[in-house]
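So you know, we letter chains A, B, ... as the sequences are listed, proteins then strands, and number each from 1. Values below: all heavy atoms of this structure, side chains included; hydrogens, waters and symmetry mates excluded.
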2 protein chains.
Amino acid sequence: MTAARTAPAPDDAAPAASKSQRAYDWLAARIARREYAPGYRLVLGTIGAELGMSVVPVREAVRRLEAEGLVTFERNVGARVAMIDDSQYRQSMETLAVLEGAATALAARRLAVAELRRAREVNRRLVASLEDFDPHTFTALNQEFHAVLFAPCPNPRLLELVTAEWSRLGRLRDSTFAFVPGRAQESVREHEEIVALIETGAPLAEIESAARRHRSATLTAYLAHEHPDDAPHHPDDAAPAAPVRPSPGGTR
Amino acid sequence: MTAARTAPAPDDAAPAASKSQRAYDWLAARIARREYAPGYRLVLGTIGAELGMSVVPVREAVRRLEAEGLVTFERNVGARVAMIDDSQYRQSMETLAVLEGAATALAARRLAVAELRRAREVNRRLVASLEDFDPHTFTALNQEFHAVLFAPCPNPRLLELVTAEWSRLGRLRDSTFAFVPGRAQESVREHEEIVALIETGAPLAEIESAARRHRSATLTAYLAHEHPDDAPHHPDDAAPAAPVRPSPGGTR
DNA sequence: TCGAGTCGGATCGTATACGACTGCCTGCCC
DNA sequence: GGGCAGGCAGTCGTATACGATCCGACTCGA
């Protein structure tokens, strides 16, 4: 729902896209490229001047970015690029694990052999890209692999959320695999397992679980690498532990 | 992420909220109340005149509504209330089943006894509301019950999506229980089961599955009641079926 | 009678203008 | 020296104005 249109045609000759759209794309690109770092102050007038347009389209673009969580906005004060901390990345990954797992399971029974073949082919390209490793292309291929798998998911709403979360992640961090290169190898192996599960008609619960664990594992690897002190804690952490914690304080 | 602020204070004396915000609230309310039916043409100037403001705030409100999927917008043509079909409702319910299940599981280990007591109390009120049944209040209490359960979920992003989906559902349909009154009784029973699972420290997977099935069952009941011909088909439909379908046509 | 071209109204897209609010800096008073 | 009040610059919020675009209807000719 959120990231709907993202410039159908950039602009060839005529200004096919509206100025608001151009402003949106321009800002989103700058933020993604970290040219506008988190906390950076976005002044409507300045941006408008830089883009050769009035403040009105810029304003609209900023409000859209705000709705997507890329920038924060304070009334009568102004907009600034949202502060992104590590926990946001973790949360998005965790959420994506849930969404993607469900989407993959829902799509599993609708995958034709041609699509499975295509998924394998993408995975082969992933393997090939392991030598001469480039995190960015690896992430792109990785996304393509998963996209093939959950594309036939009959629930467009779920797909929408998955896509939104993917792009959100992309803006939070260019590629996880840049941080934990070792994870890439393991990842492609898990890909093959997931494809095999789908192919053999494994129970949907099992497929969902595998897909979810696959992503959670990437997150865990990242956390272990960057923050060795953090607890792993992902959706599949099913340690029974104590039945209930005692009430720490008030009702809430 | 989408439905962030929804009017902190309506407006007592001073226009605390901006006009854009007022326009947004006003439009959202009208759409929810079906006063603006799906397909209804939203003309900026007219609405602005009716609200005693210029088109600019109205425009912004409409764009926000567009971002949330409530209205569609066509350039140089105008906005109209989004056409909502039954499948959207189904998809939202299905998605919410996934999200809520995950959130509940993630929150389970963090629920203190006080919160469980509170959940049970809300459920008691649900039981009480069964006689002299009002679908609207039942839905509100139902939401409160679940909110208590997943509130301690440590993943704010996931909670955000759950909340967004709840409000989306609320706008698609006031209350499911208005359509399938019989489902309400069953629902409160399942509530107790979920609380018991959490209390006894059942595996997280089991809690998640129960929470998900709980919502899926509501959807199934609705579908069976309204569209007896539709297949049930929900996330837990784990019928093994054939391993893979043959490729129906091209690669895609 | 039917089609194509043209005209007009309706609506949006953007620019410009002005008022309102916020935060900071300066200067005064204690 | 510290604290508070006032002023000032920077921004946003909204109104108004005008050009651009689209859609429907009307007219004119074959």
Value in whole Å for how far the [atom2] atom of [N] lies from [atom1] of [X]:
{"X": "B:Arg80", "N": "C:dT11", "atom1": "CZ", "atom2": "P", "value": "11 Å"}
{"X": "A:Arg59", "N": "D:dT14", "atom1": "CZ", "atom2": "C1'", "value": "8 Å"}
{"X": "A:Arg63", "N": "D:dC12", "atom1": "CZ", "atom2": "P", "value": "11 Å"}
{"X": "A:Ile47", "N": "D:dG10", "atom1": "CD1", "atom2": "C1'", "value": "15 Å"}
{"X": "B:Arg22", "N": "D:dG13", "atom1": "CZ", "atom2": "C1'", "value": "12 Å"}
{"X": "B:Phe73", "N": "C:dG13", "atom1": "CZ", "atom2": "P", "value": "4 Å"}
{"X": "A:Met53", "N": "C:dA15", "atom1": "CE", "atom2": "P", "value": "7 Å"}
{"X": "A:Gln21", "N": "C:dT14", "atom1": "CD", "atom2": "P", "value": "10 Å"}

Backbone N/O of [Y] and side chain of [X]: donor-acceptor pair under 3.5 Å:
{"X": "A:Ser92", "Y": "A:Tyr89", "result": "no"}
{"X": "B:Glu60", "Y": "B:Pro57", "result": "no"}
{"X": "A:Arg34", "Y": "A:Ala32", "result": "yes"}

Using the closest heavy atom to pick a nucleotide of DNA chain C for each, name whichever of B:Leu42 or B:Val56 lands nearer the 5' end.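 Its nearest nucleotide lies further toward 5', so the answer is B:Leu42.
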If you pin A:Ser54 and B:Leu44 to their nearest nucleotides in DNA chain C, which one's is more 5'?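 Checking each residue's closest nucleotide, the 5'-ward one belongs to B:Leu44.
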Please pick, from C:dT16, D:dC12, C:dG13, the nucleotide with the shortest atom-to-atom distance to any side-chain atom of A:Val55.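 Closest nucleotide to the A:Val55 side chain: C:dT16.
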Can you identify which nucleotide, out of C:dT14, C:dC12, D:dT14, has its nearest atom closest to the A:Ser18 side chain?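 So the nucleotide nearest the side chain must be C:dT14.
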For nucleotides 18-24 of chain D, list the nitrogen or oxygen atoms of the protein found under 3.5 Å from its nitrogen or oxygen atoms, one pair per line.
unit_1: D:dT21; atom_1: O3'; unit_2: B:Asn76; atom_2: ND2; d: 3.4

Name the pairs: protein N/O against N/O of nucleotides 7-9 of chain C, kept only if under 3.5 Å.
none

Just verifying a value: how many Å separate A:Arg80 CZ and A:Glu74 CD, rounded to the nearest 0.5 Å?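 A:Arg80 atom CZ to A:Glu74 atom CD measures 8.0 Å (nearest 0.5 Å).
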When rounded to the nearest 0.5 angstrom, what distance separates CZ in A:Arg168 from CE in A:Met93?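 So the gap between those two atoms works out to 13.0 Å.
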Between A:Tyr36 and A:Val71, is the side chain to side chain contact (heavy atoms under 4.5 Å, CB included) condition met? List the steps. CA-CA 11 Å; A:Tyr36 286 166; A:Val71 311; over 6 Å; no
A:Arg63/A:Glu66 under salt bridge (Lys or Arg N to Asp or Glu O under 4.0 Å): CA gap, chis, key distance, verdict: CA-CA 5 Å; A:Arg63 295 315 274 263; A:Glu66 184 203 7; 3.2 Å; yes
Is the ring pair A:His146/A:Trp166 parallel, tilted or perpendicular, if the boundaries are 30 and 60 degrees?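 The arrangement is tilted - the two ring planes meet at 30° to 60°.
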Given B:Glu165 and B:Arg215, is the salt bridge (Lys or Arg N to Asp or Glu O under 4.0 Å) satisfied, shown in steps? CA-CA 13 Å; B:Glu165 213 59 26; B:Arg215 178 153 299 279; over 6 Å; no
When you check the phosphate oxygens OP1 and OP2 of D:dT14, does a side-chain N or O of B:Ser20 lie under 4.0 Å from one of them?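 Yes, within the criterion.
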